Amino acid sequence: MQINWSVRELDVFLALAGTLSFRRTAVQVNLSQSAVSGVITRLEEALAVRLFDRTTRNVQLTVAGQVFAEQALLLRTQTAEAVRAVRNVAELQVGHVRLAALPSLAATVVPAACARYGALYPGVQFQVFDTLSGPAFDLVRAGQVDFALTAANPAYADLDYTPLASDSFVLLIPPGHTLAKGRGPLRWMDVAGLTHISMPLPASVRQYADAALLQHRIRFAPTYEVEHLATITAMVACGLGVAALPELAAAVAPLPGVVRRALIAPDMARPIGLVTRRYRSLSPAAAALVEVLREEMARQVKKIQG
């Protein structure tokens with residue numbers, strides 16, 4: 001048996017099953033009586049059974065017609081529910097977004113963006129993975145997150161990278177330090193000999209600091225290596241050393257008295273970008289969150305630089 005009917009034809013059948021009148025059904029479904037009769041004939045031919053007993057004065061469902069009416073009503077209900085579910089996703093009434101983000105972004109841009117997003121789309125849930133770029137790429141590739149916010153462009157054929165913003169470097173200086181009294185930018189070469197606190201490799205913060213000093217043929221050798229940005233800021237505040245950090249990273253755990261001065265020569269700017277799986281489109285909920293993140297990142301960078 002070849003099933004080749006449309007939702008429209010089921011609606012016509014259900015209308016006739018309800019009215020038991022070709023005339024009233026034709027008015028209800030906005031078709032001619034002959035068109036309604038043609039729909040019923042096609043359904044009966046497809047099912048190889050009579051669905052209605054009809055005379056010039058009377059129309060009645062057959063036993064087979066009664067069974068088909070019950071199942072057709074169930075099918076139409078399921079179809080309507082499927083359409084409703086898809087529309088809810090498209091209109092951001094429901095959904096689930098998973099993203100990975102660098103610690104500096106997960107502690108600054110992401111919370112503010114998620115708060116705004118949650119107010120706009122309360123039916124959408126999201127999950128944040130706080131991790132470095134390498135593990136973030138693996139999460140994207142495995143489909144465990146919809147996208148990642150990272151500071152590195154993945155050299156993988158199955159991943160796409162879209163730049164969103166750039167994050168300039170500053171030097172965190174302890175209160176009372178001689179350099180804390182100035183206001184202008186500092187050169188990397190001039191601060192290379194200070195006691196530095198930095199993150200270990202392969203953190204992007206460390207990679208960019210290494211690259212900046214390498215341009216002056218200086219090997220970056222921080223005295224202290226710690227993994228958490230809040231620890232770095234606390235150590236600077238206690239006078240243990242200085243720290244070269246991207247501006248968003250420096251904003252993670254600001255402490256009173258710690259001074260920030262721009263680092264130049266070279267002007268290092270850590271790019272922040274969106275990593276997604278190639279040839280896979282984002283869900284409406286994920287795409288909307290990306291736009292909110294883009295806006296929030298621009299706002300926070302402007303705030304920091306202003």
Side-chain angles (χ1 to χ4, degrees), residues 1-99 113-127 143 145-147 160 274 276-295:
M1 180 188 302
Q2 183 178 4
I3 305 301
N4 191 28
W5 56 63
S6 66
V7 171
R8 172 66 167 163
E9 289 174 325
L10 290 181
D11 287 340
V12 172
F13 166 79
L14 288 172
L16 182 58
T19 65
L20 296 178
S21 165
F22 279 88
R23 180 182 59 81
R24 291 199 298 273
T25 296
V27 173
Q28 181 176 322
V29 300
N30 197 29
L31 291 174
S32 65
Q33 291 188 48
S34 61
V36 172
S37 179
V39 168
I40 301 305
T41 298
R42 286 195 295 275
L43 289 175
E44 289 178 334
E45 290 176 350
L47 293 166
V49 66
R50 182 176 290 275
L51 299 174
F52 293 93
D53 288 326
R54 45 199 182 271
T55 66
T56 55
R57 293 187 175 183
N58 189 36
V59 177
Q60 294 292 330
L61 280 167
T62 64
V63 173
Q66 292 174 353
V67 171
F68 187 63
E70 294 172 358
Q71 297 304 313
L73 183 59
L74 177 61
L75 181 59
R76 284 300 287 118
T77 301
Q78 292 174 335
T79 300
E81 176 62 23
V83 171
R84 186 194 66 81
V86 170
R87 283 179 176 170
N88 283 342
V89 171
E91 296 169 1
L92 304 183
Q93 300 299 312
V94 297
H96 191 103
V97 183
R98 298 164 299 173
L99 67 143
C114 286
R116 287 179 53 203
Y117 185 85
L120 292 171
Y121 312 111
V124 179
Q125 299 178 337
F126 42 81
Q127 184 177 7
V145 297
D146 296 285
F147 61 87
D160 280 330
L274 176 75
T276 57
R277 281 184 290 175
R278 185 160 296 174
Y279 309 123
R280 294 292 297 271
S281 60
L282 292 175
S283 69
L289 181 55
V290 167
E291 290 308 308
V292 175
L293 284 165
R294 189 194 304 271
E295 294 170 2

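For clarity, every value in this text was computed on a predicted model and none was experimentally measured. Just the heavy atoms: all of them, side chains too, but no hydrogens, waters or symmetry mates, feed the values below.
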I would like to know whether Gln28 and Thr19 meet side chain to side chain contact (heavy atoms under 4.5 Å, CB included); could you show each step before the answer?
CA-CA 9 Å; Gln28 181 176 322; Thr19 65; 3.5 Å; yes
Could you walk me through whether Leu20 and Gln60 pass the side chain to side chain contact (heavy atoms under 4.5 Å, CB included) test, one step at a time?
CA-CA 6 Å; Leu20 296 178; Gln60 294 292 330; 4.1 Å; yes
The test is salt bridge (Lys or Arg N to Asp or Glu O under 4.0 Å); show your working for Glu291 and Arg294 and say whether it passes.
CA-CA 5 Å; Glu291 290 308 308; Arg294 189 194 304 271; 3.5 Å; yes
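Atom CG of Asn58 has more than 12 heavy atoms from other residues, nucleotides or ligands within 6.0 Å. Counting heavy-atom neighbours within 6.0 Å of Gln125 CD, excluding the residue itself, gives a total of 12 or less. Within a 6.0 Å sphere centred on CZ of Arg278, heavy atoms belonging to other residues, nucleotides or ligands number more than 12.
A salt bridge links Glu81 with Arg84; the closest basic N to acidic carboxylate O contact falls under 4.0 Å.
Using a 4.5 Å heavy-atom threshold, the side chains of Leu16 and Arg54 count as separate. Considering only heavy atoms from C-beta on, Trp5 stays 4.5 Å or farther from Val39 through its side chain. The closest side-chain heavy-atom distance from Leu14 to Arg76 is below 4.5 Å. You'll find the side chain of Phe22 stays beyond 4.5 Å of the side chain of Val27, heavy atoms only. By the 4.5 Å heavy-atom criterion applied to side chains, Asp146 and Arg277 are not counted as neighbours. A heavy-atom distance below 4.5 Å is not found between the side chains of His96 and Val124. Contact annotation: the side chain of Phe68 never approaches that of Leu73 to less than 4.5 Å [non-hydrogen atoms, C-beta and beyond]. Taking the side chain as every heavy atom from C-beta outward, Glu295 and Arg116 approach each other to under 4.5 Å.
Listed for the Asp160 side chain is no donor-acceptor partner under 3.5 Å among the backbone atoms of Thr276. No donor-acceptor pair under 3.5 Å is formed between the side chain of Tyr121 and the backbone N or O of Gly95.
Take Ala115 and apply the side chain to side chain contact (heavy atoms under 4.5 Å, CB included) test, not counting sequence neighbours, and it matches no residue.
What you find for Ala17 and Leu61 is that their closest heavy atoms are CB-CD1, 4.0 Å. Nearest heavy atom pair, residue Ala26 against residue Val36, reads CA-CG2, 3.9 Å. Taking all atoms of both residues into account, the shortest heavy-atom contact from Arg8 to Leu31 is NH2-CG, 3.6 Å. Contact between Val29 and Ala15 at its shortest, heavy atoms only, is CG1-CB, 3.8 Å. Considering every non-hydrogen atom in both Val49 and Ala64, the closest pair reads CG2-CB, 3.6 Å. For the pair Leu51 and Glu44, the tightest heavy-atom approach, listed with the atom from each and the gap, is N-OE2, 2.8 Å.
Taking CG from Leu282 and CG from Leu289, the interatomic distance works out to 9.5 Å, rounded to the nearest 0.5 Å. Remark: Arg50 CZ to Glu45 CD distance equals 11.0 Å, nearest 0.5 Å. The line from CD of Gln78 to CD of Gln71 is 9.0 Å long, rounded to the nearest 0.5 Å. Distance CG/Asp11 to OG1/Thr25: 12.0 Å, rounded to 0.5 Å. Note that the OG atom of Ser283 and the CZ atom of Arg98 stand 9.5 Å from one another [nearest 0.5 Å].
Between Phe52 and Phe13, the distance from one ring center to the other falls under 6.0 angstrom.
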